[in-house]
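This report concerns only the one structure given below.
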Amino acid sequence: MTEQTANQDDVVLAEGVDEEPVEKNRRLFEGPGLIIITLLATLYAAFHMLALNGVSVSAMTGIELGFLPQFPLETWNFRIVHIAGALALGFLLFSARLFPQEQKPETPMLSKAGYLLLIPAAISLWTAFGFIQLLNSGDLPVMGGLNTWAAFPGTELYAKEVNWFGIPLLITTFGGIILGWFENTHRHKFSVSDIVLAICAIIVAIYLIPVYSTAARNSVGTSFVPIGVAFAATAGTALILELTRRVAGLALVIITGVFLTYTFSAHLLPGILAVQNPYDWQRFFGFVYTDAGILGPTTAVSSTYIILFIIFAAFLQASKVGDYFVNFAFAAAGRARGGPAKVAIFASGLMGMINGTSAGNVVATGSLTIPLMKKVGYHKKTAGAIEAAASTGGQIMPPIMGAGAFIMAEITGIPYTEIAMAAIIPAILYFASIYFMVDLEAAKLGMRGMREDELPKLAKLIRQVYLFIPIIILIVALFMGYSVIRAGTLATVAAAAVSWLTPNRMGIRSILKAFELAGVMSIQIIAVCACAGIIVGVISLTGVGARFSSMLLDIAEASQLLALFFAMCIAILLGMGMPTTAAYAVAASVVAPGLVDLGIPQLTAHFFVFYFAVVSAITPPVALASYAAAGISGSNPMETSVASFKIGISAFVVPFMFFYNGAILMDGTWFEIIRAGATATVGVFLLSSGMQGWFMGGRTAWFLRVALVVAALFMIEGGWITDIIGIGAAVGIYFIQKIFHPSPDATFQVRGAD
């Protein structure tokens with residue numbers, strides 16, 4: 001073997017893809033602080049793995065510890081602990097403000113004020129423990145086998161809940177939030193205000209778990225809910241909003257704030273937004289922190305499926321599978337014209353199976369692919385747009401599909417395997433459309449692929465194909481009928497086992513590191529899901545979702561297509577600036593019921609909403625994935641979002657395809673499914689050709705571009721006649737172009753990279 005060949009074998013384009021980006025407000029602890037946060041994150045993730053598989057500490061050790069919960073935990077209790085742990089860990093890890101490059105002077109006076117807040121926190125905590133002792137004393141009256149929490153106005157218990165639990169808790173919570181906005185501490189140290197907020201999160205859980213085990217649970221949503229529950233829920237809601245602001249930005253917080261404002265002002269509004277009677281504070285907050293709101297479907301999914309697959313992703317990262325995926329994509333697609341762009345498509349599809357967010361996918365793969373796209377001739381905004389569009393597609397790529405598939409399964413009751421199967425053709429259509437757009441762009445600009453010596457050897461990577469085994473086990477286990485939790489656990493164990501065939505073998509230390517990584521990675525998605533749960537609670541209490549459904553029905557009387565277009569706009573609008581999980585959860589509560597009322601099958605209605613919630617990440621003016629890509633490419637964020645919208649334009653047509661033709665969602669005979677998939681692929685190719693102005697090897701005149709778009713739209717319905725018209729039009733356009741050679745667009749110019 002020559003030295004040159006040896007060097008080619010050692011080419012590794014992707015390194016560090018698996019490493020989590022460090023947010024600008026994340027603390028970077030050292031010494032004891034690092035040990036504490038590592039231990040907490042590890043315990044938090046490991047707790048979920050044990051709890052989901054029904055394993056208790058007592059069962060593992062043989063030691064009965066009365067103060068530890070026994071598994072499986074009661075559902076509400078498990079979700080309360082799940083949120084409280086994420087809040088506590090999140091506040092300790094993420095600062096209220098971004099850290100500047102030069103450290104600002106610390107504010108010792110504000111830190112001392114933070115210590116003063118520990119006094120009301122201690123009072124509230126002591127009172128909460130006192131309530132636990134009261135519940136265990138046997139002195140409370142019993143009704144229907146459950147203790148009653150008789151804290152009525154005028155009673156001693158009521159006064160204690162207000163004066164010694166609720167008011168001190170709210171003082172501590174809001175004081176800690178406000179203090180955090182102004183307190184300066186070094187990045188490697190804990191902030192006093194954040195410690196206070198972490199304690200508040202724990203107090204909320206300590207109170208709610210025992211009280212919700214009494215008959216008081218039956219009073220939620222009414223004015224008879226215990227006053228302490230309203231106080232705890234108010235504090236918990238404020239903590240969720242603040243942590244969401246820290247880890248996901250203001251967009252979701254503002255939207256949630258609008259819904260909260262609506263709750264208390266709905267009786268003053270006209271039309272479909274109006275409610276007859278105003279909601280008081282105690283009733284609303286006693287309702288929102290239940291399984292109809294924060295503890296509802298979004299948290300049900302984040303506390304089970306999402307965190308399980310985050311642990312799975314962390315184990316894959318520990319064995320550097322992400323690097324392998326990206327290198328495999330380079331070896332497979334790098335030689336094609338515009339190679340790095342096609343690599344971005346393949347790599348983002350693969351990474352999307354283990355990565356939970358569009359923007360996270362952009363950061364993971366885009367830091368590598370975007371500079372290479374610019375190098376081979378793509379304009380910087382186009383390079384960013386391609387990566388944003390491709391990374392967004394990872395959210396609809398089976399088997400994991402971000403987290404949307406799990407929430408869809410929770411909301412609809414449709415088995416997860418059925419949802420994953422239905423997603424196959426839409427995902428293929430999405431990535432095929434981006435591939436066509438990228439390939440035609442490369443053809444217009446006369447681009448080359450990457451050289452042989454710039455790429456890793458495919459033969460060498462094929463010898464490591466065993467790294468796909470954990471994902472294969474996951475898919476096989478799911479379709480063998482195993483539960484999602486059991487299948488995810490098996491895949492996680494397989495990831496650790498497969499690592500022993502690589503240089504990155506996972507021992508005890510690596511496994512603990514993977515759990516720590518999972519604990520940190522889960523904070524954002526848990527906060528987002530809990531925040532989305534607030535919106536779901538508002539919709540459930542006020543019934544505004546049902547009124548939107550009624551409005552859709554009224555529109556559909558004039559035109560069903562117009563109703564679908566309106567539903568599309570609402571789903572995109574609700575999703576702008578929000579992570580996919582929250583966007584879909586909210587849109588599923590507002591829009592999907594109306595589509596079902598129109599007679600649309602439940603799976604089709606939810607896929608329609610889910611698809612547009614996903615593509616909101618590349619829809620101007622607020623496009624999170626596009627903005628993340630623009631930060632890497634150095635282009636204007638708005639220009640990048642417009643370009644990514646154009647590249648992903650077919651994604652806005654595909655949902656209408658499966659509305660008109662259910663075979664695209666695997667609903668039909670095999671012949672119908674194959675025909676629907678084939679004709680839909682032709683349709684997205686024609687649409688891409690029309691958008692790019694390049695068809696069958698040559699530039700296309702403007703009127704032929706319009707004709708190509710029209711031909712593509714004829715392919716939407718999936719009927720024999722419309723398909724024949726669409727294909728016939730495409731053949732006619734081809735012959736017109738070949739025989740008459742109409743002049744291409746006068747405005748067309750070939751541009752290289754800036």
Side-chain angles (χ1 to χ4, degrees), residues 325-326 329-330 332-334 336-353 355 358-359 361-362 364-366 369-370 372-373 376 378-379 381-398 401-402 423-445 447 449 580 611-612 614-620 623 625-626 628-629 633 640-655 657 664 677 680-695 708-709 712 715:
F325 280 173
V326 176
F330 268 104
R337 61 188 179 195
K342 291 172 182 174
V343 168
I345 297 170
F346 285 107
S348 296
L350 291 170
M351 289 293 290
M353 292 190 292
N355 195 311
S358 301
N361 208 346
V362 168
T365 59
T369 59
I370 289 174
L372 289 173
M373 280 190 265
V376 299
Y378 283 102
H379 189 283
K381 72 177 180 184
T382 305
I386 290 170
E387 180 58 51
S391 294
T392 298
Q395 300 290 290
I396 57 173
M397 172 60 71
M401 300 169 62
I424 292 174
I425 295 179
I428 291 172
L429 292 176
Y430 183 89
F431 281 103
S433 70
I434 297 176
Y435 183 91
F436 292 144
M437 293 289 286
V438 163
D439 186 62
L440 297 172
E441 179 80 6
K444 285 197 304 185
L445 300 179
M447 292 180 179
T580 302
Y611 225 90
F612 287 117
V614 168
V615 298
S616 66
I618 57 170
T619 306
S626 301
S633 68
T640 303
S641 65
V642 172
S644 60
F645 174 79
K646 176 187 173 183
I647 288 170
I649 190 69
S650 293
F652 295 85
V653 177
V654 170
M657 287 183 171
I664 291 178
T681 303
V682 173
V684 297
F685 171 72
L686 296 178
L687 182 60
S688 301
S689 297
M691 295 300 299
Q692 291 286 32
W694 187 274
F695 182 60
L708 283 168
V709 173
M715 308 295 288

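Quick note: numbers below take in every heavy atom, side chains included, and nothing from hydrogens, waters or symmetry partners.
- Closest approach of Ser433 and Ser688 over heavy atoms only: O-OG, 3.5 Å.
- When every heavy atom of Tyr430 is checked against every heavy atom of Ala389, the shortest pair comes out as OH-O, 2.6 Å.
- Qualifying ring-ring contact (aromatic ring centres under 6.0 Å, His included) partners for Tyr611, counting only residues two or more places apart in sequence or in other chains: Phe658.
- Residues Phe652 and Val615 meet the side-chain proximity criterion, which asks for heavy atoms closer than 4.5 Å.
- The two residues Pro620 and Ala623 come nearest to each other via the heavy atoms N-CB, 4.5 Å.
- To the nearest 0.5 Å, the span separating OG1 on Thr392 from CD1 on Ile647 amounts to 11.0 Å.
- Using a 4.5 Å cut-off on side-chain heavy atoms (C-beta onward), Tyr378 and Ile370 make no contact.
- For the ring-ring contact (aromatic ring centres under 6.0 Å, His included) test, no residue two or more places apart in sequence or in another chain qualifies with Phe431.
- Side-chain contact check for Leu687 versus Leu708: every heavy-atom pair is 4.5 Å or farther apart.
- Lys381 and Ala643 get closest at one heavy-atom pair: O-CB, 4.2 Å.
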Could you give the side-chain donor-acceptor pairs of residues 434-442 under 3.5 Å, partners two or more places apart or in another chain?
| residue | atom | partner | partner atom | Å |
| --- | --- | --- | --- | --- |
| Asp439 | OD1 | Arg337 | NE | 2.9 |
| Asp439 | OD1 | Lys342 | NZ | 2.5 |
| Asp439 | OD2 | Arg337 | NH2 | 2.8 |
| Glu441 | OE1 | Gln692 | NE2 | 3.3 |

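- Residue Pro398 comes nearest to Ala423 through the heavy atom pair CG-CB, 3.7 Å, listed as atom of the first residue, atom of the second, then distance.
- Of the inter-residue distances, the one linking Ser391 atom OG with Ile386 atom CD1 reads 11.5 Å to the nearest 0.5 angstrom.
- Of all heavy-atom pairs spanning Thr640 and Ser626, the tightest one is CG2-O, 3.7 Å.
- Atom-to-atom distance recorded for Phe645:CZ and Ile618:CD1 is 8.5 Å, nearest 0.5 angstrom.
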